[in-house]
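Just so you know, ligand 1 is whichever comes first in the structure, and atom 1 is the first atom listed for that ligand. Since the model is a prediction, treat every value here as computed from it, not as a measurement. Only this structure's heavy atoms are used, side chains among them; waters, hydrogens and symmetry mates stay out.
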Amino acid sequence: MSHFVAPSLLAADFRRLDRAIELVNTSEADWFHLDVMDGRFVPNISFGQFIIEQIAERAEKYVDVHLMIEDPGRYIDSFARAGATGITVHAEACTHLHRVIQQMKEAGVKAGVALNPHTPVAHLENVIEDLDVVLIMTVNPGFGGQKFIYQSIPKVRQMADLIAVHNSRAVIEVDGGIGLQNAQKVLEAGARVLVAGSAVFGADDPAGVIAQLKAIDTNPVSYV
Ligand code: DX5
Ligand code: ZN
């Protein structure tokens with residue numbers, strides 16, 4: 001099964017958002033990754049429903065909304081109405097995670113849960129069967145352009161095992177510091193969706209980087 005590439009628009013030039021949208025639409029990318037930050041759950045503040053609605057109207061691909069906000073249950077319906085295909089909430093931001101997952105299902109969006117680097121995989125053991133997406137943060141959330149945390153690779157493997165044991169349909173998404181230098185390793189560990197912000201939008205040829213990320217072969221044919 002091949003993998004997906006999800007450029008994070010956080011790293012795009014917002015003076016020309018139309019160009020970034022066009023780039024994702026016309027490239028080999030699979031998902032738009034949109035990072036919502038509230039200045040509470042993470043130190044930074046980014047954008048909300050208003051901007052997402054503008055993007056989603058023009059997006060011809062899956063709209064992946066990553067909520068880095070406290071108590072995200074308050075906003076599931078409004079982000080669904082703004083045009084999200086899937087919403088991902090942070091486990092650490094939800095007192096009643098099970099309820100928030102049901103809210104996402106009722107709103108008709110794919111249900112995702114993200115884990116910060118310190119949160120153990122086992123935290124999702126009792127909800128994994130309800131999830132479409134598990135997002136393993138490979139940096140501490142809040143900013144683009146940070147350094148990939150290498151301990152994330154065994155964590156992706158542990159999550160792949162948990163998903164297999166529970167026969168869950170969930171796909172593993174990785175987010176933070178992902179680029180051509182580590183994408184193969186995370187894919188081999190079991191990731192299916194690669195989020196990439198600065199590796200794509202910081203490049204001279206963003207569509208070329210997306211194509212290279214898509215072309216990574218995780219099952220190289222052995223000739224011996
Ligand atoms: C970080 C965000 C990421 C960010 C990734 O908190 O969740 O989606 O945009 O950016 P890079 O790929 O530059 O680490
Ligand atoms: Zn993100």
> Only one of Leu124, Val134, Asp132 forms a side-chain contact (heavy atoms from CB on, under 4.5 Å) with Val113, so which one is it?
Replying inline: Leu124
>> Once rounded to the nearest 0.5 Å, what's the spacing between atom CE of Met68 and atom CD of Glu92?
In response: 11.5 Å
> Which value, rounded to the nearest 0.5 Å, describes the distance between Ile149 atom CD1 and Asn140 atom CG?
Replying inline: 5.0 Å
Got more than 12 heavy atoms from elsewhere within 6.0 Å of [atom1], [X]?
X: Phe41; atom1: CZ; answer: yes
X: Arg19; atom1: CZ; answer: no
X: Arg40; atom1: CZ; answer: no

Show the atoms of ligand 1 that are less than 4.0 angstrom away from any heavy atom in [X].
X: His66; answer: 7 (O)
X: Ser198; answer: 11 (P), 12 (O), 13 (O)
X: Met68; answer: 6 (O), 7 (O)
X: Ala196; answer: 12 (O)
X: His33; answer: 8 (O)
X: Gly176; answer: 14 (O)
X: Phe143; answer: 1 (C), 6 (O)
X: Asp35; answer: 2 (C), 3 (C), 4 (C), 7 (O), 8 (O), 9 (O)

> What pairs meet the ring-ring contact (aromatic ring centres under 6.0 Å, His included) rule with one or both residues in residues 112-156, with sequence neighbours excluded?
Replying inline: Phe148-Tyr150
> Cut-off 3.5 Å, side chains only: do His33 and Asp35 have a donor facing an acceptor?
Replying inline: yes
Closest approach of any protein heavy atom to [atom], naming residue and atom:
atom: atom 3 (C) of ligand 1; answer: Asp175 OD1, 2.9 Å
atom: atom 12 (O) of ligand 1; answer: Gly197 N, 2.8 Å
atom: atom 14 (O) of ligand 1; answer: Gly177 N, 2.8 Å
atom: atom 9 (O) of ligand 1; answer: Ser8 OG, 2.8 Å

>> With 2.8 Å as the threshold, which protein atoms of type N, O or S lie near the Zn ion (ligand 2)? Leave waters out.
In response: His33 NE2, Asp35 OD1, His66 ND1, Asp175 OD2
> Would a hydrophobic clustering, with Ile, Leu, Val, Met, Phe, Trp and Tyr connected at side-chain separations under 4.5 Å, put Ile178 with Ile210?
Replying inline: yes
>> Taking the ring centre of each residue, are Phe4 and Tyr62 less than 6.0 Å apart?
In response: no
>> Please report whether ligand 1 has a polar contact with Gly145, defined as an N or O pair separated by less than 3.5 Å (distance criterion only).
In response: yes
>> Regarding atom 10 (O) of ligand 1: of the candidates Ala6, Gly142, Gly144, Ala12, which has the closest heavy atom?
In response: Gly144
>> Any salt bridge linking Asp30 with Lys61? Criterion: basic side-chain nitrogen under 4.0 Å from a carboxylate oxygen.
In response: no
>> If you define the side chain from C-beta out and look only at heavy atoms, does anything of Val36 sit under 4.5 Å from Phe79?
In response: yes
>> Would Val63 and Ile55 count as a side-chain contact (heavy atoms from CB on, under 4.5 Å) here? Give the steps.
In response: CA-CA 9 Å; Val63 176; Ile55 297 171; 5.8 Å; no
